[in-house]
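Structure record follows, encoded as structure tokens.
Scope of the values below: all heavy atoms of this structure, side chains included, with no hydrogens, waters or symmetry mates. Both ligands and their constituent atoms are indexed starting at 1 by order of listing.
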Amino acid sequence: MNSMYTRVSVVGLGYIGLPTAVVLASQGVEVVGVDVNENAVSMINGGKAHIVEPDLDARVKAVVSSGKLRATSTPEKAQAFILAVPTPFKDGGVPDLSYIESAARSIAPQLEKGNLVILESTSPVGTTEKLAGWLSDARPDLSFPGLSDNIPDVNICYCPERVLPGYVLKELVENDRIIGGLTADCSVRAGALYKIFVKGQLLMSDSRTAEMAKLTENAYRDVNIAFANELSIICDKIDVNVWELIRLANRHPRVNILQPGPGVGGHCIAVDPWFIVHSAPEEAKLIACARAVNDGKPAAVVEKVKKAAEKLKNPVIACLGLAYKADIDDLRESPAVGIVELLVKDGTGELMVVEPHVKDLPERLSGLPGVKHSGMESAIKKADIVLLLVDHSVFRKIPYDSLRDKVVIDTRGIFN
Ligand code: SAJ
């Protein structure tokens with residue numbers, strides 16, 4: 001390794017922080033991972049990942065055994081600090097920056113002249129400037145970019161992650177990266193750090209543009225999924241097969257419509273557009289509308305199931321899939337879970353829920369009456385209605401014959 005960074009601290013060892021710590025450590029950097037979750041810290045030090053992501057477990061084991069990655073709940077000195085903590089939103093769509101602020105305050109006592117602090121958490125525009133303010137508050141003995149005329153003692157940069165769950169370790173290395181320094185010098189120093197493990201291009205910008213770029217990427221996807229979801233609702237009304245429609249329209253050389261689904265899940269696309277809406281509520285009309293369309297899709301699916309169920313006596317409904325998207329075990333913010341919950345509340349038949357990627361039903365569903373975690377074949381066999389909620393590969397292999405006498409409600413278009 002030939003870099004100015006030989007010791008880096010990653011603060012927040014979640015879906016982004018832990019894989020980032022692992023890829024840095026794999027390149028020979030000494031990485032100190034910091035997390036407030038003691039259970040995560042002890043699992044990582046035992047050579048195990050506390051989250052599920054392909055290959056992550058084996059990679060954590062390798063870098064912990066080689067001594068390059070160590071986790072702790074108390075920040076230590078390092079040449080660079082990467083903050084990768086959550087930024088949820090509070091009621092009313094207000095972004096909650098308290099995790100960033102407390103991460104900043106926790107590393108402040110360890111900062112030394114020449115250090116670099118990078119924020120990776122998805123953040124509303126202006127957060128990196130606030131971060132400089134919090135650090136400066138805690139360390140009046142050091143100078144920070146934008147806050148004094150001195151050459152900064154500590155450089156600060158915003159570098160959003162853009163990796164796709166399921167492909168995190170690959171995309172962390174291969175994707176291009178936006179580097180948004182508070183000054184041009186901050187960007188150069190952060191670029192030198194990412195160069196250690198990123199094979200994609202490093203795109204130099206400023207912090208506000210980089211913050212907005214992250215939000216824009218996810219809002220762009222949300223708006224495009226909303227277009228597909230709205231089309232699916234229109235097509236149901238006018239009796240057109242939306243899947244065939246999209247297939248055909250996409251043969252136009254400049255049309256590329258995404259796929260409708262049961263709604264938008266996960267912890268990014270359904271959240272990040274609100275940060276834009278919150279910062280410009282009057283102006284962000286299309287972005288807010290897309291959120292409403294996507295958030296309304298689960299209720300539209302429930303209505304469709306209820307209509308089908310009304311025609312049957314005590315129907316058995318096989319609900320296929322709970323994850324927020326295909327071939328993962330992540331149920332967070334999953335529209336499928338919400339749909340099953342709504343069906344239970346409405347007393348719409350007996351529900352046999354199939355989710356081969358998890359051992360148990362989530363707490364939200366496990367205690368509810370009339371819901372059973374079931375095997376795929378027995379659920380399909382017993383079902384009057386088959387409700388496909390996730391396009392897992394195993395569901396794609398369901399023989400058409402086994403569905404012949406059922407009402408099929410396919411929210412992902414895999415049987416079309
Ligand atoms: N979905 C559809 N139709 C589609 C595509 C997706 O209904 O055609 C649904 C999925 O089923 C899922 C949701 O949208 O419920 C989101 O899935 P996703 O695969 O689009 O994205 P995420 O949330 O897993 O990851 C996104 C990615 N952002 C973009 O593609 C712009 C990823 O690159 C980001 O790093 C990640 O958000 C993040 O952390 O922000």
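In terms of N/O distances under 3.5 Å, ligand 1 is approached by E161. Residue T122 places no N or O, backbone or side chain, under 3.5 Å from any N or O of ligand 1.
Residue contacts with ligand 1 for K214 involve side-chain atoms from C-beta outward but no N, CA, C or O (heavy atoms, distance under 4.0 Å).
Residue C268 has at least one heavy-atom neighbour below 4.0 Å for each of these atoms of ligand 1: 36 (C), 37 (O), 38 (C), 39 (O), 40 (O). Which parts of ligand 1 touch P165 is read off a 4.0 Å heavy-atom cut-off, strictly below it: atoms 24 (O), 25 (O). Interface of L164 with ligand 1, defined as ligand atoms under 4.0 Å from a residue heavy atom, comprises 19 (O), 21 (O), 24 (O), 25 (O), 27 (C), 32 (C). Taking every non-hydrogen atom of I269 and a distance limit under 4.0 Å, the qualifying atoms of ligand 1 come out as 16 (C), 20 (O), 21 (O), 23 (O), 26 (C). When each atom of ligand 1 is checked for a heavy atom of E217 under 4.0 Å away, the hits are 31 (C).
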- Verdict with reasoning, S232 to K297, per side-chain hydrogen bond (donor to acceptor under 3.5 Å, both in side chains): CA-CA 10 Å; S232 75; K297 189 68 200 287; 3.0 Å; yes
- Steps toward side-chain hydrogen bond (donor to acceptor under 3.5 Å, both in side chains) verdict (T183, D185): CA-CA 5 Å; T183 65; D185 195 37; 5.4 Å; no
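Here the heavy atom of the protein found nearest to atom 19 (O) of ligand 1 is K325 NZ, 2.9 Å. Nearest non-hydrogen protein atom to atom 24 (O) of ligand 1 is Y324 OH, 2.6 Å. Here the protein heavy atom with the shortest distance to atom 28 (N) of ligand 1 is N218 OD1, 2.9 Å. V163 O, 3.5 Å is the protein heavy atom nearest to atom 34 (C) of ligand 1. Summary of contacts: the protein heavy atom closest to atom 33 (O) of ligand 1 is R162 O, 3.0 Å.
Of the candidates S334, A323, G266, G265, the one placing a heavy atom closest to atom 16 (C) of ligand 1 is G265. Heavy-atom proximity to atom 5 (C) of ligand 1, evaluated over Q259, R221, R332, R412, is greatest for R221. Proximity annotation for atom 9 (C) of ligand 1: of N294, I225, N229, L258, I225 comes nearest, heavy atoms only.
Under a 4.0 Å N-O distance rule, the pair E129/R208 qualifies as a salt bridge. At a threshold of 4.0 Å, the pair K306-E303 counts as salt-bridged, since one of the basic side-chain nitrogens sits closer than that to a carboxylate oxygen.
The shortest heavy-atom contact between R291 and W274 is CD-NE1, 3.5 Å.
Between L164 and K325 the shortest side-chain heavy-atom distance falls below 4.5 Å. Using a 4.5 Å cut-off on side-chain heavy atoms (C-beta onward), K68 and Q27 make no contact. Residues L368 and L351 form no side-chain contact, since every pair of their non-hydrogen atoms from C-beta on lies 4.5 Å or further apart.
Separating the CD1 atom in I414 from the CD atom in Q259 is a distance of 12.0 Å, to the nearest 0.5 Å.
Centroid-to-centroid, the aromatic rings of H278 and F89 stay 6.0 Å apart or farther.
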